[in-house]
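Contents: one structure, followed by commentary.
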Amino acid sequence: QPQINITDGRLTGFEALIRWQNQERGFVSPLEFIPAAEETGLIIPLGRWVISEACQQLRSMCDSGLIDEDVVMTVNLSVLQFQDDELIHFIQSNLKRYQLKPGQFEVELTETVLMENLEDALKKLEALKALGILISIDDFGTGYSSLGYLKRLPVNIVKVDRSFVMDIPADKEDMEITAAVIAMAHKLNYEVVAEGVETEEQLQFLESCGCDYGQGYYFSRPLPSSELEQFCDEFNLDNIRRASA
Ligand code: C2E
Ligand code: CA
Ligand code: CA
């Protein structure tokens, strides 16, 4: 799914979202099978497959000239994956294989994943950061982590949870929370991505709050690689805005 820079309208990144099309069951949501994969340990090979596929697709789009070499691919990491001692080495070898710079790769972790084992998490994040890999916190604002703790983490980006964006402009409280989260994140020197942007009104509000990036159906649904290539080829935020007006 594409991520857009709200300030200048450029396409700046993608979030890799896994899909499973099962012969009998049809489409199975990751919300259903990721927890199962986590329980069975299958998340390790599955997660590695996502990392390789994501790197390969980014390389392919760079090679086709569809995107610039500074566009970032973000991959979600679950608890077990983050605890895997081979993780960093695995990411590094894929970056090498697909000739990607560390700054073109981002890992996305929820507060829950980070809280699982704080000291170990800190060490891993520092190692990722030292390599130049980007780190973002997913579902920001929904967890229970203290701000004091978050400040210690070498994080570059926070993602404002979709549950706050969803009810803009109907819910004034959610708007205040969103504005406050963006202001606070900027104070802590994080960049901010808003998730689940679906309407022009939401985009305008986020823009007025100084939100850096947006992601959501307003720009594009998550797409399979062939459609994504077409999207990149045709992308122009002004056209999307005109179409929704
Ligand atoms: P997430 O990381 O919070 O991902 C965002 C979810 O919001 C995605 O659901 C995406 O399709 C959906 N979304 C994006 N924009 C909009 C919008 O404008 N409106 C609405 N209503 N929804 C929007 P999805 O793809 O079903 O993924 C669900 C969750 O499964 C993800 O939540 C993530 O936690 C997990 N997941 C997906 N792919 C992976 C993966 O490769 N590895 C791991 N560990 N987890 C994954
Ligand atoms: Ca995510
Ligand atoms: Ca999220």
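Values reported hereafter were calculated over all heavy atoms of this structure, with side chains retained and with hydrogens, waters and symmetry mates removed. Counting convention: from 1, in listed order, for ligands and their atoms alike.
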If only atom types and distance count, is the side chain of Gln202 paired as donor or acceptor with the main-chain N or O of Met166 below 3.5 Å? yes
With heavy atoms under 4.0 Å as the rule, classify the contact between Ser78 and ligand 1 as side chain, backbone, both or neither. both
Quick check: does Glu108 have an N/O/S atom under 3.0 Å of the Ca ion (ligand 3)? no
Test Arg59 against Glu69 for salt bridge (Lys or Arg N to Asp or Glu O under 4.0 Å), laying out the working first. CA-CA 9 Å; Arg59 170 45 52 214; Glu69 292 272 349; 3.3 Å; yes
Would the distance check show the side chain of Glu229 and the main-chain N or O of Met61 forming a donor-acceptor pair, the cut-off being under 3.5 Å? no
Relative to ligand 1, is Asp139 under 4.0 angstrom through side chain, backbone, both or neither, heavy atoms considered? side chain
Between the Ca ion (ligand 2) and Asp139, is there an N, O or S atom separated by less than 3.0 Å? no
Which atoms of ligand 1 are found less than 4.0 Å from any heavy atom of Pro222? 11 (O)
Hey, does the side chain of Asp212 reach the backbone of Val192 with a donor-acceptor pair shorter than 3.5 angstrom? yes
With heavy atoms and a 4.0 Å threshold, my read on which part of Gln81 contacts ligand 1 is side chain
Heavy atom of the protein closest to atom 18 (O) of ligand 1 (residue, atom name, distance): Tyr217 N, 2.8 Å
Which of the ligand 1 atoms, numbered from 1, are nearer than 4.0 Å to a heavy atom of Glu198: 17 (C), 18 (O), 19 (N), 20 (C), 21 (N)
Considering both backbone and side-chain atoms of Tyr218, is one of its nitrogen or oxygen atoms within less than 3.5 Å of a nitrogen or oxygen in ligand 1? no
In ligand 1, the atoms that come under 4.0 Å of a heavy atom of Glu15 are 2 (O), 4 (O)
Backbone or side-chain N or O of Ser29 under 3.5 Å from ligand 1 N or O: no
Atom OG1 of Thr12 and atom CG of Asn5: how far apart are they, to the nearest 0.5 Å? 5.5 Å
I'd like to check atom 9 (O) of ligand 1 in this structure: does the protein have a heavy atom lying under 4.0 Å from it? no
Arg19 near ligand 1, heavy-atom distance under 4.0 Å? yes
Without hydrogens or angle criteria, can the side chains of Glu15 and Gln215 be said to hold a donor-acceptor pair below 3.5 Å? yes
Identify, by atom number and element, the atoms of ligand 1 in contact range of Leu31, meaning under 4.0 Å from any of its heavy atoms. 28 (C), 29 (C)
Are any non-hydrogen protein atoms located under 4.0 Å from atom 29 (C) of ligand 1? yes
Could an N or O of ligand 1 be found under 3.5 Å from any N or O of Gln215, whether backbone or side chain? no
Whether the side chain of Ser29 engages the backbone of Leu31 through a donor-acceptor N/O pair (distance < 3.5 Å, no angle test) should be reported. yes
Let me know which of Asn76, Leu77, Ile18 forms a side-chain contact (heavy atoms from CB on, under 4.5 Å) with Val50. Ile18
Return a yes/no value for Ile18: is any of its N or O atoms, backbone included, closer than 3.5 angstrom to an N or O of ligand 1? yes
Could you list which atoms of ligand 1 come closer than 4.0 Å to a heavy atom of Glu195? 3 (O)
Just how far is it from atom CD of Gln99 to atom CG of Leu58, taken to the nearest 0.5 Å? 12.0 Å
How many angstroms lie between atom CG of Leu42 and atom CD1 of Ile34, to the nearest 0.5 angstrom? 9.5 Å
Which part of Asn76 is near ligand 1, with near meaning a heavy atom under 4.0 Å away: side chain, backbone, both or neither? both
Are any of the side-chain nitrogens in Glu119 or Lys124 under 4.0 Å away from the carboxylate oxygens of its partner? no
Going only through I, L, V, M, F, W and Y residues with side-chain contacts under 4.5 Å, is there a path from Val181 to Val193? no
Could you tell me whether the side chain of Gln56 and the main chain of Ser52 form a donor-acceptor pair under 3.5 Å? no
Going by a strict under-4.0 Å cutoff (protein heavy atoms only), does atom 14 (C) of ligand 1 have a neighbour on the protein? yes
Atom 1 (P) of ligand 1 sits nearest the protein heavy atom Asp138 OD2, 3.9 Å
Examine distances only and state if a side-chain atom of Asp167 and a backbone atom of Ser163 form a donor-acceptor pair shorter than 3.5 Å. no
Could you list the atoms of ligand 1 found under 4.0 angstrom from a heavy atom of Val50? 41 (O)
With heavy-atom distances below 4.0 Å as the criterion, list the atoms of ligand 1 near Gln1. 14 (C), 15 (N)
Transitively linked via ILVMFWY side-chain contacts under 4.5 Å: Val197 with Phe164? yes
Protein heavy-atom partner closest to atom 31 (C) of ligand 1 - residue, atom, separation in Å: Leu17 CD2, 4.4 Å
Would you confirm whether any non-hydrogen atom of the protein falls under 4.0 Å from atom 45 (N) of ligand 1? yes
Contact region, Met166 to ligand 1, non-hydrogen atoms below 4.0 Å, reads neither
One should read off an interatomic distance between Lys129 NZ and Leu134 CG, to the nearest 0.5 angstrom, of 11.5 Å
Which N, O or S atom name in Glu195 marks its closest approach to the Ca ion (ligand 3)? OE2
Going through the distances and angles, do Glu106 and Ser136 end up as a side-chain hydrogen bond (donor to acceptor under 3.5 Å, both in side chains)? CA-CA 7 Å; Glu106 182 176 315; Ser136 64; 3.1 Å; yes
Could you tell me which atoms of ligand 1, counted from 1 in the order shown, lie closer than 4.0 angstrom to a heavy atom of Gly216? 15 (N), 18 (O)
I need the nearest protein heavy-atom contact for atom 7 (O) of ligand 1: residue, atom name and distance, please. Arg162 NE, 4.2 Å
Heavy atom of Glu38 under 4.0 Å from ligand 1? no
Nearest non-hydrogen protein atom, atom 27 (O) of ligand 1: Pro30 CG, 3.5 Å
For the Ca ion (ligand 2), what is the closest N, O or S atom on Glu15? OE2
Have a look at the Ca ion (ligand 2) and estimate, to 10 degrees, the angle subtended by OD2 (Asp138) and OD1 (Asn76). 90°
Starting from the C-alpha separation in whole Å, work towards a yes-or-no answer on side-chain hydrogen bond (donor to acceptor under 3.5 Å, both in side chains) for Asn239 and Arg242. CA-CA 5 Å; Asn239 291 346; Arg242 264 196 292 277; 2.8 Å; yes
So which of Val72, Leu223, Val71, Val75 actually passes side-chain contact (heavy atoms from CB on, under 4.5 Å) with Phe14? Val71
